[in-house]
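In what follows, every heavy atom counts, from backbone to side chain, and hydrogens, waters and symmetry copies are set aside. Whatever order the structure lists them in is the order used to number ligands and atoms, beginning at 1. Note that the coordinates shown come from a computational prediction; the quantities given were computed from them, not determined experimentally.
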Amino acid sequence: MPVLERSRIPLVALEDMNAVHYEEVDLINQIDALLTRIESGAAEADELDALLNALQDHMIEHFRSEEARMEASGFPPYPIHKGEHDRVLLELGGLIDRWKRERDTAPVSRYIRETFPIWFEQHLGTMDAVTADFLARTGA
Ligand SMILES: [Fe+2]
Ligand SMILES: [Fe+2]
């Protein structure tokens with residue numbers, strides 16, 4: 001069972017936002033699969049570095065593009081939505097630093113398999129959904 005499924009995440013009103021969310025689902029599932037292989041000794045821990053960096057890069061770009069559109073359209077709750085993006089990027093940065101220091105898969109596993117999926121579904125269903133509705137209505 002993948003951690004997240006494309007067919008089960010909350011959809012928003014803009015297809016290009018959904019497409020970015022699908023890419024993030026795929027990355028999370030790739031990391032989950034690699035964690036399973038590392039835990040069973042079938043892969044080296046070092047292989048996780050590149051995928052965690054790819055997730056971080058993807059999230060930075062994902063958030064930056066939503067923020068640019070919110071700013072351009074004058075979306076009033078922009079600071080709240082951006083604040084949530086900033087919080088999650090800090091959290092992920094802390095996790096990656098810890099991984100590089102300790103090489104312990106347990107915190108990464110908890111984050112990728114529990115913390116992130118819960119946050120992701122909740123964020124898509126609330127802040128992203130409201131934002132996409134506003135952008136779709138205002139034609140931004
Ligand atoms: Fe999003
Ligand atoms: Fe967002």
Side-chain angles (χ1 to χ4, degrees):
M1 274 287 281
V3 175
L4 286 164
E5 288 183 54
R6 280 183 173 223
S7 60
R8 298 186 63 170
I9 62 167
L11 286 179
V12 302
L14 295 177
E15 253 344 286
D16 57 340
M17 280 177 70
N18 291 325
V20 170
H21 295 157
Y22 288 149
E23 291 169 1
E24 224 150 272
V25 165
D26 294 347
L27 271 169
I28 291 293
N29 290 329
Q30 282 177 45
I31 294 171
D32 169 54
L34 179 56
L35 278 168
T36 300
R37 289 195 291 120
I38 292 171
E39 286 158 353
S40 70
E44 295 292 328
D46 290 358
E47 291 179 40
L48 200 50
D49 293 19
L51 272 185
L52 287 176
N53 288 336
L55 176 65
Q56 188 176 40
D57 289 346
H58 191 276
M59 282 166 67
I60 288 170
E61 182 53 30
H62 164 194
F63 295 167
R64 193 205 56 76
S65 108
E66 287 181 11
E67 288 159 16
R69 293 169 80 173
M70 286 191 272
E71 268 199 296
S73 67
F75 181 61
Y78 164 73
I80 299 169
H81 192 163
K82 176 173 173 32
E84 186 56 16
H85 288 167
D86 290 347
R87 184 191 69 75
V88 170
L89 284 180
L90 263 181
E91 189 176 61
L92 179 68
L95 180 86
I96 292 174
D97 287 348
R98 186 170 172 191
W99 164 247
K100 287 180 177 163
R101 266 197 326 273
E102 300 177 1
R103 289 301 200 222
D104 176 8
T105 54
V108 181
S109 167
R110 259 197 315 279
Y111 186 78
I112 295 297
R113 291 166 170 158
E114 292 167 36
T115 311
F116 185 92
I118 292 168
W119 172 79
F120 189 69
E121 296 201 346
Q122 196 250 343
H123 185 80
L124 268 51
T126 56
M127 290 190 191
D128 280 3
V130 172
T131 299
D133 282 344
F134 181 86
L135 295 173
R137 266 205 321 278
T138 56

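Residue Val108 comes nearest to Leu52 through the heavy atom pair CG1-CD2, 4.3 Å, listed as atom of the first residue, atom of the second, then distance.
Evaluation of the side chain to side chain donor-acceptor pair (under 3.5 Å) rule for Glu61 yields Arg64 as partners, not counting sequence neighbours. With sequence neighbours excluded, no residue forms a salt bridge (charged side-chain N to carboxylate O under 4.0 Å, His left out) with Asp133. Applying the side chain to side chain donor-acceptor pair (under 3.5 Å) criterion to Glu39, with sequence neighbours excluded, gives Arg113.
Within a radius of less than 2.8 Å around the Fe ion (ligand 2), the protein N, O or S atoms are Glu66 OE1, His81 NE2, His85 NE2, His123 NE2, Asp128 OD1.
When only modelled atom types and interatomic distance are considered, Glu84 and His123 share no side-chain donor-acceptor pair under 3.5 Å.
Between Glu102 and Arg98, at least one side-chain nitrogen of the basic residue sits less than 4.0 Å from a carboxylate oxygen of the acidic one, meeting the salt-bridge criterion.
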